[in-house]
Structure formats: structure tokens, C-alpha cells
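Below, chain A is the first sequence line, B the second, and so on; all start at residue 1. Side-chain atoms are counted along with the backbone in the values below, which use heavy atoms only and exclude waters and symmetry mates.
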Number of protein chains: 2
Amino acid sequence: MFRNRILASLSPDALAHIAEHSQHRGMKAGEVIYENEAHVTHAVFPERGVVAIMAEMRDGRSVQQGSVGYEGFVGYAIVLGGGTALGRSVVLVAGEALWVPIAAFDQALLRFMSVRDAMLRYGQAHTIELMQLVACSSLHPADQRLSRWLLQTSDRMQAESFYLTQDAMAKTLGLRRATINMICGELMDAGAIDYSRGNLTVTDRAKLEARSCECYDRIRQAYFSRQKQQGLP
Amino acid sequence: MFRNRILASLSPDALAHIAEHSQHRGMKAGEVIYENEAHVTHAVFPERGVVAIMAEMRDGRSVQQGSVGYEGFVGYAIVLGGGTALGRSVVLVAGEALWVPIAAFDQALLRFMSVRDAMLRYGQAHTIELMQLVACSSLHPADQRLSRWLLQTSDRMQAESFYLTQDAMAKTLGLRRATINMICGELMDAGAIDYSRGNLTVTDRAKLEARSCECYDRIRQAYFSRQKQQGLP
DNA sequence: GGATTTATGACCGATATCGTACATAGCGAA
DNA sequence: TTCGCTATGTACGATATCGGTCATAAATCC
């Protein structure tokens with residue numbers, strides 16, 4: 001039914017309620033969903049494609065603080081009760097998403113246990129991801145971080161091939177394009193990826209995992225293998 | 001009554017319920033509160049001192065993923081419904097804390113709106129902090145990060161002086177002790193801090209702010225902006 | 001088909017940080 | 001007091017990454 005994993009996990013009545021009030025929209029690459037601290041009007045559940053949450057610094061440099069694909073949603077601030085976006089969300093790889101108005105979403109949170117459970121699960125995975133990313137970007141060299149990030153993006157795309165320029169990768173990882181270029185060359189020489197003018201393919205996932213840091217596995221586990229949860233009022 | 005800002009913000013009935021079932025304990029520097037993924041039995045609200053949440057990598061390197069002082073608590077995993085610690089929490093600067101058993105805490109969450117509100121507020125601030133730290137550790141040089149971190153630690157201590165070895169700072173920021181030593185020298189030359197054998201004093205907060213990155217302000221705002229200034233020294 | 005834009009590959013010197021090692025000063029214990 | 005431990009200051013070469021620039025190939029537009 002829904003590719004989005006959170007939506008797919010909801011009980012039928014919750015899903016019916018949400019779907020009734022929502023709409024499907026395409027996401028074009030580069031499109032900004034929310035500016036940082038913008039008023040959040042919808043929870044956006046990607047069905048396909050990847051949204052990057054970006055930090056933009058005063059000096060113009062930027063770096064990704066997290067990303068969202070079919071396994072999550074944009075607008076976590078709603079759950080935290082803030083109402084303003086925690087970062088700048090930009091479409092990194094084009095796709096489409098379900099836009100759920102905040103009123104319908106809040107009501108669903110209130111009414112359906114399956115929605116609350118899903119939010120707790122996502123909140124936990126998301127928090128673990130953020131914590132691991134703090135460590136990763138402090139400790140791990142650029143080639144390992146890029147390898148990790150390519151694997152994560154491939155996971156979130158549920159695809160081995162997608163469109164991404166070196167420039168986009170550089171902005172995302174807070175590195176220079178020249179550095180990305182060099183590492184991409186190494187990864188191609190190693191046969192881990194194939195790359196040409198934005199058309200990126202992960203050709204050998206095992207090789208890419210070998211070149212990435214332990215953070216990839218830890219984050220993947222946070223999203224894909226923690227299931228025990230308890231309900232919260 | 002309570003120095004801990006979360007406890008201080010609770011309604012009298014909630015506070016009475018929590019205090020009744022809890023106990024005060026000292027925290028010695030170096031003491032481990034929870035190992036990573038350990039079973040969480042208490043929510044720990046520091047009254048004084050600072051607890052660091054550490055990531056430990058397979059190669060033995062470590063780095064701080066966040067820290068907790070009088071403005072927060074250790075055991076956020078409880079709120080997320082996980083029950084297992086999200087990182088390794090270690091006492092960085094000695095102090096004392098209120099230990100609230102998980103049963104009493106869950107009950108308070110269920111029963112008192114003020115507890116739920118406090119958790120949402122803290123969750124939001126904590127999430128913003130993590131996101132900013134991801135950006136900071138990707139983009140900002142060691143001297144700015146150390147300056148930011150000293151300011152944050154001073155804030156969490158509500159004091160200008162505290163005990164911290166260069167070795168502890170190095171482990172915390174994921175840098176070499178030699179690097180810390182160099183930067184501390186610069187900060188002392190600039191008159192921003194005073195330092196000798198672990199006895200650290202922030203002598204000129206303004207100078208330290210000037211040398212730190214914008215991340216300090218952003219994180220401080222996340223924790224302190226929607227409340228009255230709570231006696232920052 | 002030619003012009004323009006986009007994305008790349010590559011190069012330079014500069015600099016921040018690393019890994020390691022070693023010598024010394026203060027401090028507490030015996 | 002003397003000893004031993006802890007914390008420090010410092011030095012060296014190695015390496016990763018930066019900042020900036022330029023040339024070129026592919027794609028796109030007219």
C-alpha cells in the first residue's frame with residue numbers, strides 16, 4: 001500500500017484517518033520543504049526519494065544533519081511540540097511524498113496508539129542516528145564518512161542507482177568538491193561504485209561497507225532492528 | 001528547592017510524587033552511570049556536576065555526544081520507550097544527583113502534564129543540540145569547538161571554575177591531548193581562561209565567546225530561550 | 001551546429017591535526 | 001623526605017584536508 005515504512009506500520013483505522021486528510025505530491029531535487037525554524041504545517045512522509053536536513057552556517061558552509069527517506073518523515077518538530085522546523089529540509093534526490101496536515105496528524109497522535117508507537121520508534125532511531133553522527137563527524141576520515149553516507153542514501157532510496165552530483169555530496173558532507181572527486185575516484189578504482197556525471201551506482205555493496213566506518217551498521221540497526229517498545233500515554 | 005531545572009519546573013504534586021520515591025546520591029568524577037545499551041533503571045537528574053554521554057569506537061577512540069548538567073537528566077531513553085541507554089554516561093565533573101526509579105518516573109509521566117511538558121521541552125532542546133553538534137564537528141576547527149565546549153560546561157556547572165584535566169578534554173572532544181594543550185595555551189595567552197593542573201577557570205567569558213563558533217549561541221538558545229534567564233553566571 | 005552551462009578532473013601551496021615520543025613539574029603516599 | 005604517579009609542556013615528521021584556480025568533457029539550449 002504505502003512504501004513509507006511508518007505509514008505502512010500504522011493500524012488500518014489510523015491509516016484511513018491520515019490518508020483521508022492528506023495529499024500526494026512530487027518532490028523535485030533542490031526543492032525546499034521547510035526553511036530552518038519555519039512554521040511546520042505538514043508532516044511529510046516520503047514514498048520515494050530522499051530529503052536532507054541541512055545546517056547552514058553564517059559563513060555559507062553547509063552540512064547535512066540527517067536525512068529522511070521512506071523509513072521516516074519530515075516534521076519531527078511536531079511530535080516534540082515545537083511547531084517550528086529544526087533544520088532546513090531540502091529534497092536531495094527527487095521522489096514523492098504524502099503531506100499530512102498538522103491538524104490531522106495531531107488528531108491521529110491523540111487517537112491512535114499505533115501512531116504514538118511509531119513516533120516513539122522513529123524518535124529513538126533518529127536520536128541514535130544523530131548521536132552516532134556527532135561521533136562519526138568528529139572521529140572518522142572523509143572516505144569512511146562518504147562510504148557510509150552512500151550506503152545510507154542507497155538504503156533510503158531502496159535502490160542501487162540514483163542521481164547525485166559531486167557538488168551535492170560535498171555540500172552534504174561539508175567537504176570540498178575536490179575531496180569528493182578524489183574519493184569517488186578511489187571508490188571507482190576499487191570497483192565499489194560506478195559514477196559518471198551524477199549517475200551514481202553502488203556496484204559492490206560489500207566493498208563499500210568495508211570502506212565505511214562502524215557508524216553505518218550502528219545507525220542501520222537503530223532503524224531496522226530495534227522493535228521492543230512500550231506504549232506511552 | 002531543586003537546583004535541577006527540570007525538577008524545579010514541575011508542578012508541586014508531580015514533584016512531591018517524584019521526590020518521595022527518589023534518592024540523592026553523590027557522583028564521583030569518572031563514575032559510569034550507564035554503559036551503552038545498558039538497562040536503564042533510573043532517571044538521573046544532576047543537581048550539581050556534569051555527566052558526559054560518550055561514544056566509544058572499536059578502535060578505542062572516544063568522543064562526547066552530549067552532556068547533561070542541572071538543565072537536563074540522564075536516561076532520556078526512558079521517554080523514548082526504549083529502556084536501554086543510548087550512550088555511555090560518565091561523570092565528567094563531580095557533583096550530586098537525584099535518582100528517580102523508572103517506575104516512579106513512568107507513573108509521573110502518565111499522571112502529570114507538567115512532567116510530559118518538561119520532557120517535550122527537553123527533548124526538543126536536546127535534539128537541536130545534537131543536530132548542531134553534528135554540524136559543528138563537521139565544520140568547525142578545534143579551537144572554536146573547545147571554546148564552545150568550555151562555555152557550555154561552565155553553563156552546566158553554573159560556575160566559572162571546575163576541575164578538568166587536558167586528558168579529559170581530549171577524550172571528550174576526540175582530539176589529542178597535545179592539541180588541547182596548544183589551544184589551552186592560546187586561550188591563556190588571550191586571557192580567556194586560567195588553567196593549571198586541572199583547575200580551570202573561565203576568566204573572560206566574552207573573549208571565550210569571541211573565539212567559539214556560532215554553535216554555542218544556537219545551543220544555548222535551544223535550552224534557555226523560551227524561559228526566563230535562569231541565573232547564568 | 002554552435003554557444004552556453006554544468007559537472008568533472010586535476011593541480012598548487014597552505015594549514016590543521018595526527019601519532020608518537022620524551023622530559024619535567026607538582027602532588028600525594030609511604 | 002623520597003618515591004612514584006599524574007598531568008603537563010613540547011617537539012618532530014607525517015598526513016588529511018583546505019582554498020583557490022584552471023582546463024576540459026558532457027549535456028543542454030537556441
Given [options], identify the nucleotide with an atom nearest to the side chain of [X].
X      : options               : answer
A:A178 : D:dT17, C:dC11, C:dA7 : C:dC11
A:Y195 : D:dT8, C:dT8, D:dG20  : C:dT8
B:T179 : D:dC18, D:dA7, C:dC18 : C:dC18

Problem set entry | Degree of bending in the helix from C:dG1-D:dC30 to C:dA30-D:dT1 once both end axes are built from five pairs, to 10° | 40°
Who passes ring-ring contact (aromatic ring centres under 6.0 Å, His included) against [X], sequence neighbours left out?
X      : value
B:Y34  : none
A:W99  : A:H42
B:H126 : B:Y76, B:Y122
B:F45  : B:F73

Distance in angstrom units between [X] [atom1] and [N] [atom2], rounded:
X      : N     : atom1 : atom2 : result
B:E186 : D:dG9 : CD    : P     : 13 Å
A:N181 : C:dA7 : CG    : C1'   : 10 Å
A:N199 : C:dT6 : CG    : C1'   : 13 Å

Exercise. Restricting to pairs with a member in residues 174-195 of chain A, which pass salt bridge (Lys or Arg N to Asp or Glu O under 4.0 Å), not counting sequence neighbours?
Worked result: none
Problem set entry | salt bridge (Lys or Arg N to Asp or Glu O under 4.0 Å) pairs, two or more places apart, involving residues 38-56 of chain B | B:R48-B:E96, B:E56-B:R88
Seminar exercise, completed: Here the residues of residues 139-146 of chain A within 4.0 Å heavy-atom distance, strictly under, of DNA chain D are A:P141, A:A142
Exercise. Looking at residues 54-64 of chain A, who's got a heavy atom less than 4.0 Å off DNA chain C?
Worked result: none
Seminar exercise, completed: Whichever of B:M182 and B:Y163 has the more 5' nearest nucleotide on DNA chain D, that residue is B:Y163
For this session: Please confirm whether the backbone N or O of A:G191 pairs with a side-chain atom of A:T203, one donor and one acceptor, at under 3.5 Å?
Result: yes
For this session: Kindly write out the residues that satisfy side-chain contact (heavy atoms from CB on, under 4.5 Å) with B:E209, not counting sequence neighbours, or none if the list is empty.
Result: B:L151, B:R205, B:Y216
For this session: Any chance you could measure A:L164, atom CG, to A:Y195, atom OH, to the nearest 0.5 Å?
Result: 7.0 Å
Problem set entry | Geometric cation-pi criterion A:R156 and A:Y223, 6.0 Å radius, 45° cone | yes
Report, one pair per line, the protein and nucleotides 24-27 of chain C atoms (nitrogen or oxygen only) whose separation is under 3.5 Å.
none

Seminar exercise, completed: The answer to which of A:G185 and A:S138 contacts DNA chain C further toward the 5' end, by nearest nucleotide, is A:G185
Exercise. Looking at residues at least two apart in the chain, or sitting in another chain, which of them share a side chain to side chain donor-acceptor pair (under 3.5 Å) with B:S137?
Worked result: A:S137
